[in-house]
Asks: 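Have a look at the structure that comes next, please.
Numbering starts at 1 and runs along the sequence shown.
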Amino acid sequence: MARLKFRGRFPASAGRRWLVRTLLGAILALPISATPPFATPDRRHLKNAWEVRNEVTVPPGSEMKVKDYFLSFRDYQELVLYDSKAGYYSSGRVSFVQDYYTFPNMLDPWFGQMIAVQVFKMWDGMRRAGTLGPGDRFTIAEFGGGNGELARSILGFISDEGQRESSGPWLEFWQQLMYVSYDRSPAMVAEQRVRNSAAGGKFEVREGDATDPASLIAAGSVKGVVLSNEMVDNFCVHKVILSRDGSAEVAFVAPTLPPALWSRLEKRAPEPLRRLIDNDDQVIRERFFHDAPAGARWLSRASFVALFEWLASLPDYPAHVNSILFHEIYVPVRAVPELADHLRRYARPYACELARLDRDVVAYINLDEGKFVEGVANILKAGYVLTIDYGSNWEGMLAPGPFSHLRSYGPGSRRERSDPYRDAGLNDITSDVNFSLVAAEGRSVGLNIAFYGRQRALQAGTSIKLNELPPDQSDGDAHARQYNSRLEYFKTSRAFKLLVQQKENTDASYVYPDPDREPLDVNEADLRPLQRNRAAEIEKRLSAAVAVTSR
């Protein structure tokens, strides 16, 4: 059953397939050492030092060259989740039953019905405000629709409500509605199309990347709601070390093939792949790791991608991928100009939270949050953005707790501090959403905040009775206790949040029907005088440290 202690998605029960491949991987991986060839002593005072994995350093003066040879952590996440041949989502390997549950599945159909009522209220308000005419189309544009279950429950409810009326607002809502889902995984697109076939012409699904909505939908063409549920957490993130001295470093991933693993793979690998691995290993050693022990193979960006895609075609893929040793290299963030620019623009909130912590910290920064918000603001002529996910504000995003802000779900992932390098391509990798950043980026492009608070606010102003078991269950059903435990988590969780943004000039009278709001801005008032002074120093140093100069 789902484990309620997890902050984000709920890891699902492991099935026989998971058990077999996990045991096989463990057995075959035993002879290969997981000890890095040369470890780097901890040179920081990290609040969450365990987040740094197998760090190695490069010779002074070569830091800016690292990006030319290795994947950033963000690139690594992008590869293992979305590579067209081997990615967890793109290959269709994802399981919404075996790997994790989400609320549209756990509280089906009530979860979708609550959203349907909130969207109906938005539609009704827009009609009254005159920003949606009787002849306009009202669009629900869902990004990251997954298996299509949320769309099915929303459309089913609206259809049922409309059919109860010979005339009336719900029928008119249904007649004016179009639901369009976007997902970057071809496998998920196909599954959504099948699941929502009964909706007929009211549902469309298209392949597309949520980080660039403007490439999918014409500017100013949508009147309606942009919806996402546990989608933004799947955007890929940069792994960064933020220090109290104002410095900032970004992680790159340097994989190696231990000698025993390379000995096995060399006999089976295609000749072009063997040549690529050997050649790039030689270049990397000459450039960065003169003293590294012989026998292992360092993988460049190109050789790791090629190897990853080849391994994914083998039946014993899990054993091999879990025998790869992943190192992290941390270099100044100016190596990634867009990341440096982000830290410069938001130096103040980062500085305040570092002063509050008084420790260095590993953080995960999601630049695609801003791209998504800017894109949806561009496509919306009038309407709302509903973002449902797990995450926090500035303070919560930097405060380490018992759970990492980045987690994996899938085989062997039932850990508070899951390893993103374990079962690469077999796991989902997600990170907490920085709702403060989403809100700030939204304000800059004409999206006002209508509500931010706990996800349970979806029920506010609706007549949906969550305490009633779903229609396909009964009081004697063995799943009843499981349903009730999930419902309790929905009601009590502080991790899951709802952010409602309104496109400016949409409806001046709209108020979200829940008064229990949470803060988004940094609370500088509760900083002690010493912390305020410290924050000012960190902000100044951080802004200078991330400045990108021509080289």
Asks: Hey, are R345 and E441 close enough for a salt bridge, meaning a charged N less than 4.0 Å from a carboxylate O?
Replies: yes
Asks: Quick one: are the ring centres of F496 and F490 less than 6.0 Å apart?
Replies: no
Asks: Give a yes or no answer on whether the side chain of N234 reaches the backbone of I429 with a donor-acceptor pair at less than 3.5 Å.
Replies: yes
Asks: State, without any angle test, whether N467 and K491 hold a side-chain donor-acceptor pair at a distance under 3.5 Å.
Replies: yes
Asks: So, for D183 and G146, which heavy atoms are closest and what is the spacing to 0.1 Å?
Replies: OD2-N, 3.1 Å
Asks: Any sub-3.5 Å donor-acceptor pair from N366's side-chain atoms to E369's backbone N or O?
Replies: yes
Asks: For residues N378 and V445, determine if any side-chain heavy atom of one lies less than 4.5 Å from a side-chain heavy atom of the other.
Replies: no
Asks: Check whether any side-chain heavy atom of V240 lies under 4.5 Å from a side-chain heavy atom of L339, and answer yes or no.
Replies: yes
Asks: Are the charged groups of R456 and D514 less than 4.0 angstrom apart, N to O?
Replies: no
Asks: Are side-chain heavy atoms of R334 and V546 found at a separation under 4.5 Å?
Replies: no
Asks: Within the 3.5 Å criterion, strictly below it, is a donor on R407 or Y409 matched to an acceptor on the partner's side chain?
Replies: yes
Asks: Check the surroundings of atom CZ in R128: do more than 12 heavy atoms from other residues, nucleotides or ligands lie under 6.0 Å from it?
Replies: no
Asks: Looking at every heavy atom in both T131 and D136, which two are closest together, and how far apart are they?
Replies: O-OD2, 4.4 Å
Asks: For a quick check under 3.5 Å, do E230 and T102 share a side-chain donor-acceptor pair by atom type?
Replies: no
Asks: Establish, yes or no, whether a centroid distance under 6.0 Å links the rings of W110 and F157.
Replies: no
Asks: Does CD in E518 sit with more than 12 non-hydrogen atoms of other residues, nucleotides or ligands closer than 6.0 Å?
Replies: yes
Asks: So, the side chain of D75 versus the backbone of S72: is there a donor-acceptor pair under 3.5 Å, distance only?
Replies: yes
Asks: Counting distance only, does the side-chain N/O of R517 pair as donor-acceptor with the main-chain N or O of A450 below 3.5 Å?
Replies: yes
Asks: Ignoring hydrogens and geometry, is there a side-chain-to-backbone donor-acceptor pair from K503 to G446 under 3.5 Å?
Replies: no
Asks: Is it true that D507 and S509 share a donor-acceptor pair across their side chains at a distance under 3.5 Å?
Replies: yes
Asks: Under the criterion side chain to side chain contact (heavy atoms under 4.5 Å, CB included), I'd like the reasoning laid out for I379 against V226: C-alpha separation, chi angles, the key distance, then a yes or no.
Replies: CA-CA 10 Å; I379 66 175; V226 175; 4.3 Å; yes
Asks: Taking NZ, NE, NH1 and NH2 as the nitrogens, is one of them in R534 or E537 under 4.0 Å from a carboxylate oxygen of the other?
Replies: yes
Asks: Are side-chain N/O atoms of E51 and Y364 paired as donor and acceptor at under 3.5 Å?
Replies: yes
Asks: Check this for me: does any side-chain nitrogen of one of R127 and D124 sit under 4.0 Å from a carboxylate oxygen of the other?
Replies: no
Asks: Taking the ring of H405 and the ring of Y390, is the distance between their centroids below 6.0 Å?
Replies: no
Asks: Do R454 and L498 have side chains that get closer than 4.5 Å, going by heavy atoms?
Replies: no
Asks: Which is it for V237 and F73 under the side chain to side chain contact (heavy atoms under 4.5 Å, CB included) test, yes or no, and what are the steps along the way?
Replies: CA-CA 7 Å; V237 296; F73 183 86; 4.1 Å; yes
Asks: Any ion pair linking D526 and R356 (charged N to carboxylate O, less than 4.0 Å)?
Replies: yes
Asks: Would you mind reporting whether V522 and E395 have side-chain heavy atoms less than 4.5 Å apart?
Replies: no
Asks: Would you confirm whether D389, through its side chain, and V433, through its main-chain N or O, come within 3.5 Å as a donor-acceptor pair?
Replies: no
Asks: Is the side chain of S436 donor-acceptor paired with the backbone N or O of L520 at a distance under 3.5 Å, no angle test?
Replies: yes
Asks: Using a 4.5 Å cut-off on heavy atoms from C-beta on, say whether the side chain of D432 contacts that of M397.
Replies: yes
Asks: Run the numbers on R443 and D521 for salt bridge (Lys or Arg N to Asp or Glu O under 4.0 Å), then give the verdict.
Replies: CA-CA 12 Å; R443 288 191 198 103; D521 297 326; 3.5 Å; yes
Asks: Look only at the side chain of Q501 and the backbone of L386, and say whether a donor-acceptor pair between them is shorter than 3.5 Å.
Replies: no
Asks: Taking side chain as C-beta onward, heavy atoms only, is I217 less than 4.5 Å from S221?
Replies: yes
Asks: Using 30° and 60° as the class boundaries, would you call the ring planes of F103 and Y489 parallel, tilted or perpendicular?
Replies: parallel
Asks: Using a strict cut-off of less than 4.0 Å between a Lys/Arg side-chain nitrogen and an Asp/Glu carboxylate oxygen, indicate whether E161 and R164 qualify as a salt bridge.
Replies: yes
Asks: Run the numbers on M122 and V500 for side chain to side chain contact (heavy atoms under 4.5 Å, CB included), then give the verdict.
Replies: CA-CA 11 Å; M122 295 169 181; V500 181; 3.9 Å; yes
Asks: List, one per line, each side-chain donor-acceptor pair under 3.5 Å for residues 199-210, sequence neighbours excluded.
Replies:
unit_1, atom_1, unit_2, atom_2, d
K202, NZ, W174, O, 2.7
K202, NZ, Q175, O, 3.0
K202, NZ, L177, O, 2.9
E204, OE1, R206, NE, 3.3
E204, OE1, R206, NH2, 2.4
R206, NH1, Y182, OH, 3.1
D209, OD1, T211, N, 3.0
D209, OD1, T211, OG1, 3.0
D209, OD2, T211, OG1, 3.1

Asks: Is a salt bridge present between R152 and E149, judged by a nitrogen-to-oxygen distance below 4.0 Å?
Replies: yes
Asks: Take the angle between the ring planes of Y512 and Y510 and call it parallel below 30°, perpendicular above 60°, tilted in between.
Replies: perpendicular
Asks: Between D428 and Y89, is any side-chain donor less than 3.5 angstrom from a side-chain acceptor?
Replies: yes
Asks: Quick check: closest heavy atoms across M231 and S228, and the distance to 0.1 Å?
Replies: CE-CB, 3.6 Å
Asks: Any carboxylate oxygen within less than 4.0 angstrom of a Lys/Arg side-chain nitrogen, looking at D358 and R244?
Replies: yes
Asks: If you draw the axis of the six-membered ring of Y82, does the NZ or CZ of R184 fall within 45° of it and under 6.0 Å from the ring centre?
Replies: yes
Asks: Would you sort out whether F111 and N105 count as a side chain to side chain contact (heavy atoms under 4.5 Å, CB included), showing the intermediate values?
Replies: CA-CA 8 Å; F111 192 81; N105 298 87; over 6 Å; no
